[in-house]
K.L.:
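Mind having a look at this structure? Questions to follow.
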Amino acid sequence: MAEASVRRMTAEDLDDIVRIENGTFAIPWSRNSFESELRNKAARYLVAVKDGKVIGYAGAWIILDESHITNIAIEEAERGHGYGRMLTEALLRYLSNLGAAYATLEVRVSNLRAQNLYKSLGFVTVGKRKKYYEDNGEDGLLMVCDHMPPADPDFEEPETVHEP
């Protein structure tokens, strides 16, 4: 696996994000959706960068100690090299730093590759959402990880609020 890094998503990443989104999902989010997520105070998105190019992204919503992973995608040519694991691990650490006690997500019942990744990171299946996916009516598995990585006590970002 070539060296890649993870950082917070910015508006400058949106062209790459939309390209990856369109190449990954049957019903992709629009550019406007991602622009809205950048303004959403409850949303956080990370990107994986390799050789100066965005090759993947992951995002979640966090409210108090709850987090919900909205999407994770890796550019097709970069799949199978560990970048999805790297990005998901980074997102879980980030969510933990933001105070999340657990993370939830939905995954297609047919997406065994993603399910295996999530299971290897501590997610367990807790339910099934019947006909969750609009494109073909496929069921979605609801998975949760309640073994979050330890939070970094020195973590801080521009949105950090310091109580007196």
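Keep in mind that this is a model prediction, so the values were computed, not measured.
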K.L.:
Do Val109 and Tyr133 sit in one hydrophobic cluster, given that two such residues count as connected whenever their side-chain heavy atoms are within less than 4.5 Å of each other, even indirectly?
P.N.:
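No, Val109 and Tyr133 fall in different hydrophobic clusters.
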
K.L.:
Roughly how far, to the nearest 0.5 Å, is CG of Leu121 from NZ of Lys119?
P.N.:
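That separation rounds to 12.5 Å.
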
K.L.:
Looking at CG of Asp139 and OG of Ser110, how far apart are the two atoms once the value is rounded to the nearest 0.5 Å?
P.N.:
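Taking CG in Asp139 and OG in Ser110, the distance rounds to 10.0 Å.
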
K.L.:
Could you tell me if the side chain of Ser120 sits less than 4.5 Å from the side chain of Arg85, heavy atoms only?
P.N.:
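Yes, their side chains come closer than 4.5 Å.
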
K.L.:
Can you find a pair of side-chain heavy atoms, one from Phe123 and one from Leu142, that are under 4.5 Å apart?
P.N.:
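Result no, sub-4.5 Å side-chain heavy-atom pair not found.
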
K.L.:
State the CG-CD1 distance between Asn22 and Ile17, to the nearest 0.5 angstrom.
P.N.:
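Taking CG in Asn22 and CD1 in Ile17, the distance rounds to 11.5 Å.
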
K.L.:
Hey, what do you get for CG (Leu95) to CD1 (Ile69), rounding to the nearest 0.5 Å?
P.N.:
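The CG atom of Leu95 sits 6.0 Å away from the CD1 atom of Ile69.
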
K.L.:
With sequence neighbours excluded, tell me which residues meet side-chain hydrogen bond (donor to acceptor under 3.5 Å, both in side chains) with Tyr118.
P.N.:
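Not a single residue meets the side-chain hydrogen bond (donor to acceptor under 3.5 Å, both in side chains) criterion with Tyr118.
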
K.L.:
If we ignore hydrogens and angles and just use 3.5 Å, is the side chain of Asn116 paired with the main-chain N or O of Leu112 as donor and acceptor?
P.N.:
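Pair found, side chain donor or acceptor close to backbone of Leu112.
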
K.L.:
How far apart are the closest heavy atoms of Met148 and Ala100, and which atoms are they?
P.N.:
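Scanning both residues completely, I find the closest heavy atoms to be CG-O, 3.8 Å.
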
K.L.:
Between atom CG of Leu91 and atom OG of Ser67, what is the distance when rounded to the nearest 0.5 Å?
P.N.:
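Interatomic distance, Leu91 CG to Ser67 OG, rounded to 0.5 Å: 7.5 Å.
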
K.L.:
Should Glu35 and Arg39 be marked as a salt bridge (charged side-chain N to carboxylate O under 4.0 Å, His left out) after you check the CA-CA gap, both sets of side-chain angles, and the distance that decides it?
P.N.:
CA-CA 7 Å; Glu35 288 171 348; Arg39 294 186 302 271; 5.1 Å; no

K.L.:
For residues 71-79, run the donor-acceptor check on the side chains, cut-off 3.5 Å, and write out each pair with its distance to 0.1 Å, sequence neighbours left out.
P.N.:
from	atom 1	to	atom 2	distance (Å)
Glu75	OE1	Lys53	NZ	3.3
Glu75	OE2	Arg19	NH1	3.1
Glu75	OE2	Lys53	NZ	3.0
Glu78	OE1	Lys50	NZ	2.9
Glu78	OE2	Lys50	NZ	3.2
Arg79	NE	Ile74	O	2.7
Arg79	NH2	Thr24	OG1	2.9
Arg79	NH2	Ile74	O	3.1

K.L.:
Examine the side chains of Tyr132 and Glu138 and answer whether a donor and an acceptor come within less than 3.5 Å of each other.
P.N.:
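No, Glu138 and Tyr132 have no side-chain donor paired with an acceptor closer than 3.5 Å.
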
K.L.:
Apply the test side chain to side chain donor-acceptor pair (under 3.5 Å) to residues Ser36 and Ser33: give CA-CA distance (whole Å), side-chain angles for both, the deciding distance (0.1 Å), then the verdict.
P.N.:
CA-CA 5 Å; Ser36 293; Ser33 294; over 6 Å; no

K.L.:
Does Arg8 make a cation-pi contact with Tyr45, if we ask for NZ or CZ under 6.0 Å from the ring centre and within 45° of the axis?
P.N.:
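Ring-cation test returns no.
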
K.L.:
Taking all atoms of both residues into account, what is the closest heavy-atom pair of Ala26 and Arg108, and its distance?
P.N.:
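Scanning both residues completely, I find the closest heavy atoms to be CB-NH2, 4.2 Å.
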
K.L.:
Do Arg7 and Val54 have side chains that approach each other closer than 4.5 Å (heavy atoms only, starting at C-beta)?
P.N.:
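Arg7 vs Val54: side chains touch.
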
K.L.:
Flag yes if Leu117 and Leu141 sit in one hydrophobic cluster, no otherwise; membership is Ile, Leu, Val, Met, Phe, Trp, Tyr, and two members link when side-chain heavy atoms are under 4.5 Å apart.
P.N.:
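Yes, Leu117 connects to Leu141 through the hydrophobic network.
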
K.L.:
State, with a plain yes or no, whether a side-chain heavy atom of Leu14 is found less than 4.5 Å away from one of Leu38.
P.N.:
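They are in side-chain contact.
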
K.L.:
Enumerate the side-chain hydrogen bond (donor to acceptor under 3.5 Å, both in side chains) contacts for residues 96-105, please, sequence neighbours excluded, ordered by first and then second residue.
P.N.:
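Passing the test, one end in residues 96-105: His68-Thr104.
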
K.L.:
Going by heavy atoms in the side chains, are Met143 and Val124 under 4.5 Å from each other?
P.N.:
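Result no, sub-4.5 Å side-chain heavy-atom pair not found.
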
K.L.:
For residues Val47 and Val6, determine if any side-chain heavy atom of one lies less than 4.5 Å from a side-chain heavy atom of the other.
P.N.:
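Not touching, per the 4.5 Å side-chain cut-off.
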
K.L.:
Under the side-chain hydrogen bond (donor to acceptor under 3.5 Å, both in side chains) rule, collect the residues that match up with Glu12, sequence neighbours excluded.
P.N.:
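With neighbours one apart ignored, the set is Thr10.
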
K.L.:
Will you find, in the side chains of Glu157 and Tyr94, an N or O donor that is under 3.5 Å from an N or O acceptor?
P.N.:
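Present: a donor and an acceptor within the cut-off.
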
K.L.:
Could you give the distance from CZ (Arg93) to CG (Asp152), rounded to the nearest 0.5 Å?
P.N.:
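Here the rounded value is 10.5 Å.
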
K.L.:
Suppose clustering is done on Ile, Leu, Val, Met, Phe, Trp and Tyr with side-chain heavy atoms closer than 4.5 Å. Which residues sit in the same group as Leu64?
P.N.:
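Besides Leu64, the cluster holds Ile63.
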
K.L.:
Taking only residues two or more places apart in sequence, or in another chain, which ones meet Trp29 in a ring-ring contact (aromatic ring centres under 6.0 Å, His included)?
P.N.:
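ring-ring contact (aromatic ring centres under 6.0 Å, His included) list for Trp29, sorted by chain: Phe34.
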
K.L.:
Spell out, yes or no, whether Phe155 and Leu92 are grouped together once hydrophobic residues are joined by side-chain heavy atoms under 4.5 Å, including indirect joins.
P.N.:
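Phe155 clusters together with Leu92.
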
K.L.:
So, are Asp15 and Arg31 salt-bridged, with charged N and O less than 4.0 Å apart?
P.N.:
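Answer for the salt bridge query: yes.
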
K.L.:
Can a donor-acceptor pair be found, under 3.5 Å and without considering hydrogens, that links the side chain of Thr70 to the backbone of Gly59?
P.N.:
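Yes; at least one donor-acceptor contact below 3.5 Å.
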
